[in-house]
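In what follows, a structure is listed as structure tokens, so that the remarks can point back to it.
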Amino acid sequence: MTVRTRFAPSPTGYLHIGGARTALYCWLESRHRGGEFILRIEDTDRERSTDAAVQAILDGMRWLDLGHDEGPYYQTLRMERYRQVAEDLVRAGKAYYAYETKEELEAMRSQQMAANVKPRYNGAYRDRAEPLRDDPNRVIRFKNPTAGSVVFNDKVKGRIEWSNEELDDLVIFRSDGFPTYNFAVVVDDIDMKITDVIRGDDHVNNTPRQINIYNALGAAAPAFAHLPMILGPDGQKLSKRHGAVSVMQYRDDGFLPHAVLNYLVRLGWSHGDQEIFSRREMIDLFDVADVNVSAARFDVEKLSWLNQQYLKNDDPAELVPHFLWHLDAAGYDVASGPAPADVIVALRDRARTLKEMAEKAAVWYGPIREWDDAAVAKHLKSATAVPALKAVHARLAAVAEWNVENVHKAIEAAAAAIGEGMGKVAQPLRVAMTGTQVSPSIDHTVFLAGQSRAVARVEEALKRIGE
RNA sequence: GCUCCCUUCGUCUAGUGGCCCAGGACACCGCCCUCUCAAGGCGGGAACACGAGUUCGAACCUCGUAGGGAGCGCCA
């Protein structure tokens, strides 16, 4: 049987980091086992579902490059199917119509809460064989078994047993003609031949009742794997305040999609001491059964470190499109400056994100906007600054082929000419190039400026000193 | 309240009865390298929630306690 997993978000917001990890694990499990990955949009909550959210989820999946083999299916397009299955269940005596008002149910609940018992529907209509009648409160409830227990072997949590006495007759079909979540998922997962349900562990509580529905429908239950949740840095549930932001926010913040994936795959799963995983390795090594049972905190520091690992080790050419996105976002005139790939090489040891890299690249895509007074005072006003700059000016102007090596030689020669070490030339030059005393290695810093701009900036600096 | 789940360095984790007075990674600190800042190299501090039990032997098995989380909807 072909392994089929599915990611089934409800479109009530963007794709957040937790959803992204669930999607990743579903995707990996299907890829690892040579199966298929299905995307399903659970949009039966008409109040909260929006088209914009559907689009946001699709965008997030595309950015992460988690392609699906089927779908997206939309539950709202399957309404007839749910109705039909629910009515079949009533006809088979496995479900029944009930007519309580929401107020009556609410009263029942609060009474039970007050009596310190778990609130459950009392099954008033269960055996009444109430005829079908028009009523604004008419719902269909599932006849949950009253005895025995449901046992399932969760692939991450292990064996879980649930007494049927804890369960009540849940509504499977609402009075407004929409199916409820617990019913629609089961119908969908059966129809879509899902073999492995991988989802957040906030669903373990739903699993026993869903298994009962599978049984009533005469279908075999799939394998279940419930993923622990991702917590914020403070150990609290992820909220908008600290990280439950859209995965697209991570793009905006300068992270590479693969770094995010790598971070996510290691959050709750591991393969020995390995930290870096290529897509291929993830697919080959991942097994949902190896996922950890407990919740993990989200740590941007480690994500940043991983991101820099990719910045440092990936082929710069492959990073260019991502970097261009940030250069554009920063509003630079890219054509006026150095080749982005060269900038990446110069900055990849110094930036953890593409955004940071773009910020540091500003001096090569436009004029120096700000002069650091301390830098000027220390390195431009020093005794050796003027001779150093003059010496390097002549040699830079004379470079025949403008590349990092030749720039380096020119600077070395200038230092030798005035009988000083590299530092005495590099620091004033650095300030002349950037207005600051911090930048990549001096040869790259000068090279990236381009020959005419580099020479002009040395002249500008000399003028600034008053020479 | 009830039911279910969870608990190894600050964080992510390795560990499935002896290889563990617990290993790796991020972060932190120190040293080295050095044209600045990084990156890199080397080194350091830092954890088995607690208590019983089983066993020759327990981070690993059992029970209890404490702490944390989730669910208990005509939301998903």
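Proteins get letters first, then strands, A, B, ... in listed order; numbering begins at 1 in each.
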- [ ] For nucleotides 63-76 of chain B, just jot down a letter per nucleotide in 5' to 3' order: B, S or -, based on protein non-hydrogen atoms under 4.0 Å.
- [x] ------SBBBSBBB
TODO: Starting at the 5' end of nucleotides 20-34 of chain B, put B wherever the base has a protein heavy atom under 4.0 Å, S where only the sugar-phosphate does, and a dash everywhere else.
DONE: ---BBBSS-------
[atom1] atoms of [N] and [M], separation to the nearest Å:
| N | M | atom1 | value |
| --- | --- | --- | --- |
| B:rA27 | B:rA39 | P | 8 Å |
| B:rA66 | B:rA25 | C1' | 30 Å |
| B:rA47 | B:rU11 | C1' | 12 Å |
| B:rC26 | B:rC21 | P | 25 Å |

TODO: Could you tell me if the ring centre of A:Phe7 sits under 6.0 Å from that of A:His68?
DONE: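 No, too far apart.
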Task: Set of ring pair (Phe, Tyr, Trp, His ring centres under 6.0 Å) partners for A:Tyr97, sequence neighbours left out - done: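 For A:Tyr97 there are no ring pair (Phe, Tyr, Trp, His ring centres under 6.0 Å) partners, ignoring immediate neighbours.
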Task: Phosphate OP1/OP2 of B:rG40: any A:Lys312 side-chain N/O under 4.0 Å - done: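 Yes, A:Lys312 has a side-chain N/O under 4.0 Å of OP1/OP2 on B:rG40.
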Task: Residues within residues 438-449 of chain A bordering RNA chain B, heavy-atom distance below 4.0 Å - done: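 Within this stretch, A:Val438, A:Ser439, A:Pro440, A:Ser441, A:Ile442 sit under 4.0 Å of the strand.
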Open item on the list: Which residues in residues 410-429 of chain A have a heavy atom closer than 4.0 Å to any atom of RNA chain B?
Closed with: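 Only A:Met422, A:Gly423, A:Ala426, A:Gln427 qualify.
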Open item on the list: Just by distance, no angles: are the side chains of A:Asp169 and A:Asn144 close enough, under 3.5 Å, to form a donor-acceptor pair?
Closed with: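 Their side chains do not contain a donor-acceptor pair, so the 3.5 Å distance test is not met.
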Open item on the list: List the residues meeting side chain to side chain donor-acceptor pair (under 3.5 Å) with A:Asp196, not counting sequence neighbours, and say none if there are none.
Closed with: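 Only A:Arg33, A:Lys155 meet the side chain to side chain donor-acceptor pair (under 3.5 Å) criterion with A:Asp196.
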Open item on the list: Only pairs with both distances under 3.5 Å count, Watson-Crick or wobble alike; so what is the partner of B:rC31 in this structure?
Closed with: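 Pairing partner: B:rG41.
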